[in-house]
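One structure is given here, and the rest of the page talks about it.
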2 protein chains.
Amino acid sequence: MRDPPATQCRRPGDTRGCPQIGTANQEADIDAVDEQLLALLQANGRASYAELARQVGLSAPAVHERVGKLESAGVITGYTAVVDPAAVGLGVTALIGVIDSDEVDDVGILEAMSALPHVEDCWRTAGTEGYVLKVRVTDIPALEDTINALNRIRGVARTRTTVVLSTKWEGRHGRAE
Amino acid sequence: MRDPPATQCRRPGDTRGCPQIGTANQEADIDAVDEQLLALLQANGRASYAELARQVGLSAPAVHERVGKLESAGVITGYTAVVDPAAVGLGVTALIGVIDSDEVDDVGILEAMSALPHVEDCWRTAGTEGYVLKVRVTDIPALEDTINALNRIRGVARTRTTVVLSTKWEGRHGRAE
DNA sequence: ACTGAAACCTCCGGTTG
DNA sequence: CAACCGGAGGTTTCAGT
């Protein structure tokens, strides 16, 4: 069968194992049909090529080829199931700003943060906080553990945690509901 | 005398005996195979049922049924293609804290924020900032437009914007390699 | 949860505009 | 070069056991 596009990274120079990073590609030529396909696949990542073909008015092979090109161009970096965090026992979400001290290498901090399994997102930011993380944990004690672990990282001066009371929406693409 | 296949009972000896009040799915019973399926589908949302069946050691119809139940139980809420934002012209990411003034209804603020198409995530937060948003826009002028639009919302007292310099990772699920 | 079968889809080659 | 066509092989999705 065909190789699954999401499981392996093809770009050199990325951090290990992370399927999606918006690093390199600035430009790709995407016409109206491609945009339509992207919107359809963002709304339903398991839509069959035949179904997509019906919606955009092309044949299934044509759609298959276009999607394949979007994948190999790095526009589509993978496909994922969206899982309700609460349903799998991750009831607490928090945003944590990490203030890094001046003279320590970023790579070490990044590797240490990456080793924490509950850090879902990691952004390098301008401003007082060098990094902002989104973490999801089972409960408040687990959040405390994560905060403690972050503060033990060499090069982390301080953290500032904002607990998420409720998620209004997440991962919305374009359309205003 | 076959056991009914449709309904799954919750664990009988559960320590917290309180059944939840009808709103959201707190917990579903998820066995080891289900967790495996969730991990596989988060890694590759387009994996075929046959492929999943091979990986978990079941038949394809069995996997199909299990995934269907995870979907209707609300554990899997959807599938989506992961698109590189830069490749579709969204080169600027920012986190915006929204400080709401005291005496205005939340619903109005939420609706107004929801109307802004570039607000991908919206979290209600504890702390000085009532909401934190993640926005993705084409460029800095577009970010300015979004900030201005947020500040025009009735009930928004102030905003605090943190520009994302680079995304280290996003949407990671569980595994820290 | 497995087997078997029919409908469907994927995906290859070749062909056209 | 992008898109269609045909068909072989794999997949989904029903039954029933």
Side-chain angles (χ1 to χ4, degrees), chain A residues 1-8 10 19 25 27-83, chain B residues 1-12 28-84 87-89:
Chain A
M1 84 176 283
R2 202 165 59 89
D3 46 338
T7 38
Q8 56 237 28
R10 42 209 173 285
N25 358 12
E27 289 275 341
D29 40 287
I30 294 172
D31 63 7
V33 176
D34 285 335
E35 289 209 32
Q36 216 177 336
L37 288 172
L38 288 175
L40 289 168
L41 282 171
Q42 283 184 324
N44 177 14
R46 274 184 89 77
S48 71
Y49 295 124
E51 178 63 27
L52 296 171
R54 269 172 235 125
Q55 306 237 12
V56 302
L58 285 182
S59 71
V63 167
H64 182 248
E65 186 176 355
R66 291 179 89 113
V67 173
K69 285 182 180 174
L70 289 171
E71 290 169 358
S72 45
V75 179
I76 296 175
T77 60
Y79 301 89
T80 184
V82 182
V83 173
Chain B
M1 62 181 308
R2 42 239 169 260
D3 37 3
T7 53
Q8 309 156 309
C9 298
R10 303 184 195 287
R11 284 183 288 270
D29 42 41
I30 294 172
D31 65 7
V33 175
D34 285 337
E35 290 209 33
Q36 217 177 335
L37 289 173
L38 288 174
L40 290 168
L41 283 171
Q42 283 184 323
N44 178 12
R46 274 182 89 79
S48 71
Y49 295 123
E51 177 64 26
L52 296 171
R54 268 173 236 126
Q55 307 236 13
V56 302
L58 287 181
S59 71
V63 168
H64 182 248
E65 186 176 353
R66 290 179 91 111
V67 173
K69 284 181 181 174
L70 288 170
E71 291 168 356
S72 44
V75 179
I76 296 175
T77 61
Y79 302 88
T80 183
V82 182
V83 173
D84 179 5
V88 293

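Predicted model, so just to flag it, every value in this text is computed and none were measured. Each chain gets a letter, A, B and so on, in the order its sequence line appears, and its residues count up from 1.
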Query raised in the report: In whole Å, what is the span from the CZ atom of B:R66 to the C1' atom of D:dT13?
Result: 18 Å

**Report entry** Spacing of B:L58 atom CG relative to C:dT3 atom P, expressed in whole Å
**Finding:** 11 Å

Requested in this report: Verify the contact: side-chain N or O of A:K69 to OP1 or OP2 of D:dA2, cut-off strictly under 4.0 Å; return yes or no.
Outcome: yes

Query raised in the report: So among A:T77, A:I76, A:L41, which one has a side chain to side chain contact (heavy atoms under 4.5 Å, CB included) with A:L70?
Result: A:I76

Query raised in the report: Under 4.0 Å between a side-chain N or O of B:H64 and OP1 or OP2 of D:dT13?
Result: yes

Query - Worked check of side-chain contact (heavy atoms from CB on, under 4.5 Å) between A:E65 and A:Y49 - result: CA-CA 10 Å; A:E65 186 176 355; A:Y49 295 124; over 6 Å; no

Requested in this report: Under the salt bridge (Lys or Arg N to Asp or Glu O under 4.0 Å) rule, what do A:D29 and A:K69 come out as? Steps first, then yes or no, please.
Outcome: CA-CA 11 Å; A:D29 40 287; A:K69 285 182 180 174; over 6 Å; no

Query raised in the report: Which value, rounded to the nearest 0.5 Å, describes the distance between A:D34 atom CG and A:D31 atom CG?
Result: 4.5 Å

Report summary line: Of C:dA1, D:dT13, D:dC4, the nucleotide closest to the side chain of B:A62 is C:dA1

Dump the pairs, protein N or O against N or O of nucleotides 5-9 of chain C, anything under 3.5 Å, distances to one decimal.
from: C:dC9; atom 1: OP1; to: A:R54; atom 2: NH2; distance (Å): 3.1

Report task. Mind checking salt bridge (charged side-chain N to carboxylate O under 4.0 Å, His left out) for A:R46 and listing every partner two or more places apart, or none if nothing turns up? Result -> none

Requested in this report: Identify, with sequence neighbours excluded, every residue that meets salt bridge (charged side-chain N to carboxylate O under 4.0 Å, His left out) alongside B:E35.
Outcome: none

Report task. Measure from the side chain of B:P61, starting at C-beta and using heavy atoms only, and say which of D:dT13, C:dA1, C:dC11 lies closest. Result -> D:dT13

**Report entry** Among D:dC4, C:dT3, D:dT12, the nucleotide that comes nearest once only the side chain of B:S59 is considered
**Finding:** C:dT3

